[in-house]
Participant: 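I'd like to ask some things about the structure below.
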Number of protein chains: 2
Amino acid sequence: MTRPAPRTTPESADDMDVRKAAVLAAVITAHIDTAHPVGSQTIHGSAGISASPATIRSELVALERSGYLQQPHTSAGRVPTEKGYRYFVDHLGRGKLSPPKVQQLSSFIGSVQGELKSVYEQISTKLSDVTRYPAVIVGPGHINTTVRDAHLVDFGQRRILIVLTMSDMDVQKLTVSLDFDVSTQDVTDAAQQLKALLIGTTVRDRFELPAVSTTPARLVRHAVEAIWSEAGETEGEQVFVGGTSKVADSFDTLETTRQVLDVLEKQLVIVSLFKDLLQRGASVSIGSEHGYLPLAECAVVVAPLTIDGQNAGAVGLLGPTRMKYGEAIAAADVVSEQLAGRLSVEAQRG
Amino acid sequence: MTRPAPRTTPESADDMDVRKAAVLAAVITAHIDTAHPVGSQTIHGSAGISASPATIRSELVALERSGYLQQPHTSAGRVPTEKGYRYFVDHLGRGKLSPPKVQQLSSFIGSVQGELKSVYEQISTKLSDVTRYPAVIVGPGHINTTVRDAHLVDFGQRRILIVLTMSDMDVQKLTVSLDFDVSTQDVTDAAQQLKALLIGTTVRDRFELPAVSTTPARLVRHAVEAIWSEAGETEGEQVFVGGTSKVADSFDTLETTRQVLDVLEKQLVIVSLFKDLLQRGASVSIGSEHGYLPLAECAVVVAPLTIDGQNAGAVGLLGPTRMKYGEAIAAADVVSEQLAGRLSVEAQRG
DNA sequence: TTCTGGCACTCAATCCTACCGAGTGCCAGA
DNA sequence: TCTGGCACTCGGTAGGATTGAGTGCCAGAA
């Protein structure tokens, strides 16, 4: 009666000892593999656990009491709960991706050619192929290459189209609507000034604009402001989903398949979900944690895409709650790192 | 023995009379609705058929002998064969889309705003919403608006970027690699000439190019030829798939869902399938008709996108063999017509 | 000749029952 | 604290009976 009462209260913070953790890990690993409830016998067979089935059973009871596991029915084995997966992801299953797969991803990302969009598309497809889960890449629509040339095209009715040729041979365009009239000469002059101002800069560079006195100068000011605000927006953000067909592999009912496809179609939802998670500093969301109902049976793995210190997007994977977290997290990390590196280099080359 | 032998030989061309056709139509309609085998009793109940079940049964036997129907097992009703569906599509089920739906589609297509790609995307999604099948739109990457402005940007190493601003505020770019050196002045001069030549023309317009004498002229010739060949290619063709999530609704096993998703992902496959069908003048492919195995359990409905007499793409729908052909065909037709009209108008406005 | 009502027949689907065995909880002894 | 033993639970499977939707055939009516 003098002991400091390590009474096994459910939900107590330190209700987990080494063996319990091992058992939990074994249950989860096995369940991810087989999708079936896992019994004491199976665990007894797994590496690293020497206790007898009977002992394991008592551990299982404890784990169930603490909410890490549950029993579908009396005479069945145990299945992980969301809490169980969470503990696993946070403390245990930091399994890595197999080196050849890492290699495969890295070298692929290094070698992809073509336009930015096509790069995203190819990489998301590759990531999906490697992990066998549908993959999502949210990336900047254009990287911060420098302006190589600038033109203004007057479309009348006070609409001016700005065409920027970037140093990576990409072309950006945007429209400004003016609240004053301009002559052809004004546009020509403005274009001249705009070139002088912008060529060699990044659309993210900010500098003092000359005071406005003439019409061309007003036009230039409008144009530059439009360009800067466009660049500041996360507009132009691109979303790519690779491996849609893997949805049908990952889930075992048509209904959840439908729902997941639906979410992937509504790219806004996915993007905001990713942003939510990243903002909370989370890299994994399990089941209903994110509070978004249609994805209640899913797990989401996400890695931030950080380019030159700036948050520029995300790399994500969707799977069932019994997904291979270790692999998935590692894969998303590899892709986000490599891709960020690549984009950063390209941006500098500009 | 003297009769002209109207012996009911299977496969005979005229083995179909009015009542048989009605019965066949009834079977197919019912089966499309319920997905179950259809019996004589059910048909007896359908509108337009007054014969008794017994009579209908003998018709069913005949239809089965001719290969239009089949029985999953002795004591079950009948299910249409591919041949049955084919006859239905060709001679019977020219069911139309309900006027409100037609209206909905037309007005939507008329009102969609934004860039061409976004237009395709929105329309394919809408088409999918209306029909409840995944929809595909293959369209030209850019419509033949006229050139409004042209620029050349020298990227060194004999690479020149051509930037064309089109009259619809779209911007097209392409690169030419030269086999001779050019000076800055050459590029400036060439740009001047290029503008003179191209502004106001369509990238499909062809005209005599001036004889080549100077370096700028050579450059211009290269540029124009590049533009023309790019426009001539079906390159720049855009593919959009709307309503991917409807795949899971349309098929009843995860396996076919997977396969269909897979095909939709590989857009090349879909496009070439569409082209095949259109080339053969077909608008519907049922089951294995197209010979593409993974889609053996699917039906494909496709309508050509004809802009100003030119074949410019396609509008397609995918569904199970028991899809609502009438509706689907009508919907695809409406969309292809309206979209073609819209694009044609836009092209002319240029 | 064509249609129809009647009838015997077939066979997938459904339900019931019994049984099996994976897995459990509990307990007594090491 | 761990372990072997044991009785117990209960979902899954297999066999067997039952049902009923649907058939093919036939004889008589139109």
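Per chain, numbering begins at 1; letters A, B, ... match sequence-line order.
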Participant: If you define the side chain from C-beta out and look only at heavy atoms, does anything of B:Y325 sit under 4.5 Å from B:I286?
Facilitator: yes
Participant: Tell me which residues in residues 52-60 of chain B put a heavy atom below 4.0 Å from DNA chain D, sorted by number, or none.
Facilitator: B:R57, B:L60
Participant: So, does A:S128 use its side chain to make a donor-acceptor pair with the main chain of A:Y133 at under 3.5 Å?
Facilitator: yes
Participant: Report the residues that fulfil salt bridge (Lys or Arg N to Asp or Glu O under 4.0 Å) with B:E265, sequence neighbours left out, ordered by chain and then residue number.
Facilitator: none
Participant: Hey, what do you get for CZ (A:R258) to OG (B:S250), rounding to the nearest 0.5 Å?
Facilitator: 10.5 Å
Participant: For DNA chain C, which nucleotides open and close the run of contacts to chain B, 5' to 3', at under 4.0 angstrom from a non-hydrogen atom?
Facilitator: C:dC3 to C:dA12
Participant: A:L318 and side chain to side chain contact (heavy atoms under 4.5 Å, CB included): which single residue from A:L273, A:I270, A:V247 fits?
Facilitator: A:I270
Participant: Does A:T81 reach the main-chain N or O of A:G67 with its side chain, forming a donor-acceptor pair under 3.5 Å?
Facilitator: yes
Participant: Specify the separation, in whole Å, of atom NE2 of A:H36 and atom P of D:dG11.
Facilitator: 16 Å
Participant: Going by distance alone, is a donor N or O of one side chain under 3.5 Å from an acceptor N or O of the other, for A:T55 and A:S52?
Facilitator: yes
Participant: Which atom pair, heavy atoms only, marks the closest approach of B:A248 to A:L261?
Facilitator: CB-CD1, 4.3 Å
Participant: Over all heavy atoms of both residues, which pair between A:A303 and A:D333 is shortest? Give the atoms and the distance, please.
Facilitator: CB-OD1, 3.4 Å
Participant: Taking all atoms of both residues into account, what is the closest heavy-atom pair of B:S40 and B:P53, and its distance?
Facilitator: CB-O, 3.7 Å
Participant: Do other residues, nucleotides or ligands put more than 12 heavy atoms under 6.0 Å from A:R86 CZ?
Facilitator: yes
Participant: What residues form a salt bridge (Lys or Arg N to Asp or Glu O under 4.0 Å) with A:D129, not counting sequence neighbours?
Facilitator: A:K246
Participant: Between A:K20 (NZ) and D:dC2 (C1'), how many Å, whole number?
Facilitator: 14 Å
Participant: Just by distance, no angles: are the side chains of B:E82 and B:T321 close enough, under 3.5 Å, to form a donor-acceptor pair?
Facilitator: no
Participant: Using a 3.5 Å limit on both pairing distances, list the dot-bracket string of DNA chain C from the 5' end; Watson-Crick and G-U wobble pairs count, crossing pairs take [ ], interstrand pairs take |.
Facilitator: ||||||||||||||||||||||||||||||
Participant: Which of residues 71-80 of chain B have a heavy atom under 4.0 Å from DNA chain C?
Facilitator: B:H73, B:T74, B:S75
